[in-house]
*Asks:* 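Can you read through this structure? Questions will come right after.
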Amino acid sequence: MIFSVAIDGPAGAGKGTIAAFISERFQLKHLDTGLLYREAARLVIENGVNVLDVVRLEEVAHKVDPHHISQELLRNENIASVASQIAVVPSLRRVLTQMMRDFANDISPDYQGVVFDGRDVGTVILPNADVKIFLLADPEVRAQRRAKELNFTFTQTVLEEIKTRDARDGNRQTAPMQIAEDAVILDTTFLDIKSVCEKAAEIVKSAMQSKDLVLKAIG
Ligand code: DC
């Protein structure tokens, strides 16, 4: 079994930044699992697929290639919203979840393991992850971060979109966003991202040490 870190939480909680930091510091291969849902959403829009057509959605899922995803096309709120809508479909989730597990099992020996970020990494994708972190932050703070990141003005609409996505991702029947029982919860509302990264790094470092893994990077 490879060493694995699961970072889950809602949009704008800082998952991507923290996962990238952990990836670099500990030489863990990073997968942003939300990108697979966003790529499926892009294909859905491009091919005019109805978000209720579960048969075609499963076909679309098979076309996603986790090794070839162009992020620039996917970082917008329309894609995010469609991604969240199609993420309720169990057959599409099954295909993407299997792809993510295959990705974890097929990393090059240059890496010591993986760090995945998403909504159901610690509960469904990698339920035996060595480290599980769940990030929380106040919705308004997350909406403001999102607006800053994507260079647009914060409005109530941005906040409403974040809340709608939270509700859909958290209340769906299959693999809802949930805090795993064995996850460490970090609330990032009042913390700057650097100190959250350091806290997460401490958790990962002690898990690696307890597994006698060599800390190749400076921990
Ligand atoms: O993390 P993100 O904002 O890029 O994710 C976009 C959508 O994809 C999110 O609103 C729900 C879905 N998603 C999911 O259902 N499960 C994951 N592990 C990751 C993302």
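Start at 1 and go down the list; that is how both ligands and their atoms are numbered. Remember, predicted model here, so these are calculated numbers, not experimental data.
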*Asks:* For a salt bridge (Lys or Arg N to Asp or Glu O under 4.0 Å) check, start with the C-alpha distance between R42 and E39, then their side-chain angles and the critical distance, and finish with the verdict.
*Replies:* CA-CA 5 Å; R42 186 184 69 78; E39 175 70 352; 3.0 Å; yes

*Asks:* If you have a sec, work out which protein heavy atom is nearest atom 6 (C) of ligand 1 and how many Å separate them, to one decimal?
*Replies:*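 Here the closest protein heavy atom is R165 NH1, 3.5 Å.
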
*Asks:* With respect to atom 16 (N) of ligand 1, which of R93, R146, R168 exhibits the smallest heavy-atom separation?
*Replies:*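 Ranked by closest heavy atom to atom 16 (N) of ligand 1, first place is R93.
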
*Asks:* Give every residue pair that meets the salt bridge (charged side-chain N to carboxylate O under 4.0 Å, His left out) criterion with at least one member in residues 83-103, sequence neighbours excluded.
*Replies:*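 Listed by first then second residue: R93-D120.
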
*Asks:* When you look for heavy atoms under 4.0 Å from ligand 1, do you find them on the side chain of R38, its backbone, both, or neither?
*Replies:*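 It is the side chain that gets close, since no backbone atom is under 4.0 Å.
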
*Asks:* If you have a sec, work out which protein heavy atom is nearest atom 20 (C) of ligand 1 and how many Å separate them, to one decimal?
*Replies:*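 Of every protein heavy atom, G34 CA, 3.5 Å lies nearest to atom 20 (C) of ligand 1.
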
*Asks:* At under 4.0 Å between heavy atoms, which part of D120 makes contact with ligand 1: side chain, backbone, both or neither?
*Replies:*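 Contact part for D120 vs ligand 1: both backbone and side chain.
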
*Asks:* If we only count N/O pairs under 3.5 Å, is D169 in contact with ligand 1?
*Replies:*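 Yes: some nitrogen or oxygen of D169 is under 3.5 Å from one in ligand 1.
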
*Asks:* Would you say E58 and L92 make side-chain contact, with heavy atoms under 4.5 Å?
*Replies:*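 A side-chain contact under 4.5 Å is absent here.
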
*Asks:* Aromatic ring centroids of F116 and H30 under 6.0 Å?
*Replies:*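 No, ring centres 6.0 Å or more apart.
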
*Asks:* Using a strict 4.0 Å threshold on nitrogen-to-oxygen distance, state whether D8 and R119 make a salt bridge.
*Replies:*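 Looking at R119 together with D8, the answer is no, because their closest N to O distance does not fall below 4.0 Å.
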
*Asks:* Identify, for atom 13 (N) of ligand 1, the protein heavy atom at the shortest distance, and state residue, atom and that distance.
*Replies:*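 For atom 13 (N) of ligand 1, the nearest protein heavy atom is Y37 CD1, 3.6 Å.
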
*Asks:* Using distance alone, determine whether R172 and ligand 1 share an N or O pair under 3.5 Å.
*Replies:*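 By distance alone, the answer is yes.
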
*Asks:* How would you list, by chain and number, every residue that makes a ring pair (Phe, Tyr, Trp, His ring centres under 6.0 Å) with H68, sequence neighbours excluded?
*Replies:*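 Ring pair (Phe, Tyr, Trp, His ring centres under 6.0 Å) list for H68, sorted by chain: empty.
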
*Asks:* Check ligand 1 against A87 and write out every atom of the ligand that is under 4.0 Å from a heavy-atom position of the residue.
*Replies:*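 Once the distances to A87 are compared, the set is 12 (C), 15 (O).
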
*Asks:* Looking only at protein heavy atoms, which one is nearest to atom 17 (C) of ligand 1, and how far off is it?
*Replies:*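 Here the nearest protein heavy atom works out to R119 N, 3.5 Å.
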
*Asks:* Hey, does the side chain of K15 reach the backbone of G9 with a donor-acceptor pair shorter than 3.5 angstrom?
*Replies:*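 Checked: pair present.
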
*Asks:* Report the distance from atom CZ of F134 to atom CD1 of I185, rounding to the nearest 0.5 Å.
*Replies:*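 F134 atom CZ to I185 atom CD1 measures 8.0 Å (nearest 0.5 Å).
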
*Asks:* Looking only at protein heavy atoms, which one is nearest to atom 19 (C) of ligand 1, and how far off is it?
*Replies:*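 The closest heavy atom on the protein side is T33 OG1, 3.5 Å.
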
